[in-house]
Structures are given as C-alpha cells and as structure tokens.
Number of protein chains: 2
Amino acid sequence: MDNYRLDEQVGFILRRVNQRHLAIFSQHMPELTPTQFAALAKLVELGEMSQNELGRKIAMDAATIKGVADRLIKRGLLNVRRNPDDSRRKLLCANIAGVALYQQVVAAAERISEKTLSPLSSAEKQELLRLLAKLK
Amino acid sequence: MDNYRLDEQVGFILRRVNQRHLAIFSQHMPELTPTQFAALAKLVELGEMSQNELGRKIAMDAATIKGVADRLIKRGLLNVRRNPDDSRRKLLCANIAGVALYQQVVAAAERISEKTLSPLSSAEKQELLRLLAKLK
DNA sequence: CAAAACTCGTTTGTACACGAACAAGTTTGC
DNA sequence: GCAAACTTGTTCGTGTACAAACGAGTTTTG
C-alpha cells in the first residue's frame with residue numbers, strides 16, 4: 001500500500017508524545033523515574049499494600065513491579081515486611097525517607113504535567129485528557 | 001500535597017494508553033514489534049539510507065536503532081552495504097523479503113490504528129490526533 | 001479432607017530506550 | 001594543510017515492559 005503514512009498513525013505519534021514527556025520528566029525530577037515516582041506516590045496515597053497489588057494499581061505486571069520495588073527498597077525509600085496472614089505476600093510501605101522525598105518532588109510532578117500540556121489551551125487540555133481517558 | 005492525583009496526570013494516562021495500543025499491536029501483528037515495523041515501513045517508503053539517518057526519521061537514538069536494525073538484518077529483511085563515499089556510513093535497505101513482509105502486514109497496521117481509536121467518534125479521532133500532534 | 005485451581009513473588013529471555021563514553025572517519029576553520 | 005570539531009556507529013550500564021515458566025502458599029470444590 002502506497003497511502004500508508006507511518007507519521008500519521010496514533011501509535012507512532014503516541015510514542016513521540018511519550019518521549020517528549022519522559023524528557024520533561026527527567027529534566028524536572030532527576031531523582032526518580034516516572035515509574036518509580038508512580039509507585040512511591042501510590043504507596044503514599046494509599047498506604048501499605050502487597051507488591052503485586054501495587055503493581056495492579058499502577059498498571060505494571062508482576063515482573064516489572066518487582067524491579068521497580070527492588071530499586072526503591074535499595075534506595076531506602078520503602079519498608080518491607082511479610083504478611084502474617086498470607087506468607088506469600090510482601091507488604092510494601094513508604095518509610096520516612098520515602099514520604100519526605102515524595103513531598104519534596106510532588107511540586108515538580110505538577111510542573112511536569114503542566115509543561116507537557118503547555119502547547120495546548122485550557123479547553124484543549126481538558127479535551128485531550130477526556131479523549132485519552134477513553135483509550136485507557 | 002494531598003490533592004495530587006496520579007491517575008489524572010497526562011504522563012500516567014499516556015503510559016496506559018500506550019500499553020493498550022501495544023497490546024492491540026502485538027495481537028494483530030505478532031511478526032514484528034512496533035519499532036521494527038516503523039523501521040521497515042520507513043525504509044520501504046524512502047528507500048536506502050544510513051542507520052543513524054533511519055533512526056532520526058523514526059525518533060530512535062543511535063543505540064536503539066542499532067538493536068532494531070540488527071534484529072531486522074538477522075531475520076533477513078534488510079540488505080546492508082558500506083557507503084563508498086563515507087566509509088563510516090552503514091546503508092540499510094529493505095530487500096525482497098522485507099518488502100514482501102511489509103506488504104503482507106500493512107493492512108494489519110491500518111487495523112491496529114483503527115482499533116486503537118475505536119472508542120472515539122470520527123470527530124473525536126480527528127481532534128485527538130490534532131491535539132497529540134501539538135505535543136510531539 | 002484432599003485434589004484442583006488459583007495467587008504471590010521470582011527468574012529468565014527478549015526488546016525497547018537513553019545517557020555516556022569511545023574509535024574511526026569526515027568536515028571545518030584558520 | 002592540519003588541528004579542532006563534528007559525525008557515525010558501537011559498547012556498556014541502567015531501567016522499563018511483558019511473556020512464560022516455576023515453587024510455594026492459599027482457596028475452592030467435590
């Protein structure tokens with residue numbers, strides 16, 4: 001087919017938009033990756049939960065959340081303990097350092113979202129978020 | 001901050017939308033990854049070019065395009081030769097097998113884009129693409 | 001109660017993605 | 001005409017992402 005244009009396909013554009021967002025992210029929050037921040041933020045928001053449960057809440061499969069959690073633990077941001085009622089479960093919890101780091105970087109997180117959407121008007125921002133939400 | 005909601009941030013939503021798209025992609029085109037298809041499609045569209053040039057056209061850095069190109073070459077989809085005028089340059093070109101595979105999967109590529117956008121109306125699809133294009 | 005089905009966390013393998021550093025080749029500037 | 005600056009492709013290290021397979025623990029079911 002001669003009329004297929006890669007540069008106009010949703011998937012290709014989504015990838016580029018995501019690249020730009022990741023660049024903005026690492027510029028404003030070099031301490032954490034987007035996934036690490038998501039995990040930390042969710043733990044601060046909802047408190048202690050098991051590793052796989054956390055993964056489910058932020059859309060990461062078991063293998064991915066393991067790596068993310070390991071890195072946060074290694075950096076001393078999370079506490080870990082075994083669930084006494086279900087010895088399979090590894091309960092994760094943001095500790096003092098984790099909460100402190102979170103509070104230190106939330107403002108940056110807000111600026112990141114703002115900057116990512118900055119080429120759009122207020123109405124366009126609303127509309128984009130509405131449309132993207134339909135594609136989740 | 002108590003009013004920061006991870007689930008409403010562009011970056012987080014973008015990641016989820018992308019996940020859904022990748023799932024649709026691998027379902028409809030298990031032969032190639034999105035990046036491999038992008039590289040092949042660009043080579044078919046524009047013909048022979050150097051490895052880094054190809055990377056630039058599909059927004060992949062030199063380290064990434066190397067791996068993608070290596071895999072396509074290993075699968076016998078590309079021809080490689082040295083540029084006589086600039087011995088640093090590695091010229092890539094889709095060969096017969098590459099063009100054949102491309103032609104075999106373009107239809108699937110179109111269905112992938114369609115299915116990704118299927119929760120939206122025609123007007124919404126147009127609008128989403130317009131807004132995303134502003135965020136590239 | 002015991003077997004089947006399921007869940008939790010882990011490991012392995014593959015594939016992006018990008019920063020940083022490097023050697024070899026090419027172009028520029030003086 | 002030659003040193004400095006740049007480009008090309010490569011390697012290394014780190015960090016997602018997900019499929020598949022696994023052992024160990026828990027729940028369901030007959």
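Proteins come first, then strands; the chains are lettered A, B, ... in the order of their sequence lines, and each starts at number 1. Just so it is clear, the values below take in all heavy atoms, side chains as well, and ignore hydrogens, waters and symmetry mates.
For B:Arg81 (side chain) and B:Leu91 (main-chain N/O), no donor-acceptor pair under 3.5 Å exists by modelled atom type. B:Arg16 places no side-chain N or O within 3.5 Å of a backbone atom of B:Phe12 that could act as its donor or acceptor partner.
Remark: B:Glu114 does not engage B:Arg111 in a salt bridge, criterion side-chain N to carboxylate O under 4.0 Å. Salt bridge status for B:Glu53 with B:Arg56: absent, with no side-chain N to carboxylate O gap under 4.0 Å. Salt bridge absent: B:Asp7 and B:Arg5 never bring a charged side-chain N and a carboxylate O closer than 4.0 Å. Salt bridge A:Asp70/A:Lys74: absent, no basic N to carboxylate O contact under 4.0 Å.
Between the P atom of C:dT11 and the CG atom of A:Asp61 lies a distance of 15 Å, rounded to the nearest Å. Across the protein-nucleic acid pair, A:Gln51 atom CD and C:dT11 atom P stand 10 Å apart, rounded to whole Å. Rounding to whole angstrom units, CG of residue A:Leu40 and P of D:dT16 are separated by 13 Å. Distance CZ (B:Arg81) to P (D:dG9): 13 Å, rounded to an integer number of Å. Taking atom CZ on A:Arg15 and atom P on D:dA17, their separation rounds to 14 Å, with Å as the unit.
Within 4.0 Å of A:Arg71, counting heavy atoms only, lies at least one base atom of the nucleic acid. Counting non-hydrogen atoms under 4.0 angstrom, B:Ser50 reaches the backbone sugars and phosphates but no base. Across all strands shown, B:Thr33 has heavy atoms under 4.0 Å from sugar-phosphate atoms exclusively, and none from any base.
Closest to the side chain of B:Arg89, out of C:dC18, D:dG9, C:dG9, is D:dG9. Nearest to the side-chain atoms of B:Met60 among the listed nucleotides D:dG9, C:dA17, D:dC18 stands C:dA17. Checking D:dA20, C:dC16, D:dG15 against the side-chain heavy atoms of A:Gln36 singles out D:dG15 as nearest. Set against C:dG19, D:dT10, C:dG9, the side chain of A:Lys90 has C:dG9 as its closest nucleotide. Listed nucleotides C:dG9, C:dT11, D:dG15 differ in distance to A:Ala63; the shortest reach to its side chain belongs to C:dT11.
Atoms CG and CG, on B:Leu135 and A:Leu120 in that order, are 4.5 Å from each other to the nearest 0.5 Å.
Nearest-nucleotide assignment on DNA chain D puts the 5′-proximal partner with B:Arg56, out of B:Arg56 and B:Lys66. Place A:Lys74 and B:Asp70 on DNA chain D by their nearest nucleotides, and B:Asp70 ends up nearer the 5' end.
Residue A:Gln19 places no side-chain N or O under 4.0 Å from the OP1 or OP2 atom of C:dC16.
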Quiz item: Using a cut-off of 4.0 Å between protein heavy atoms and nucleotide atoms, how would you tag nucleotides 23-28 of chain D 5' to 3' with B, S and -?
Solution: --BS--

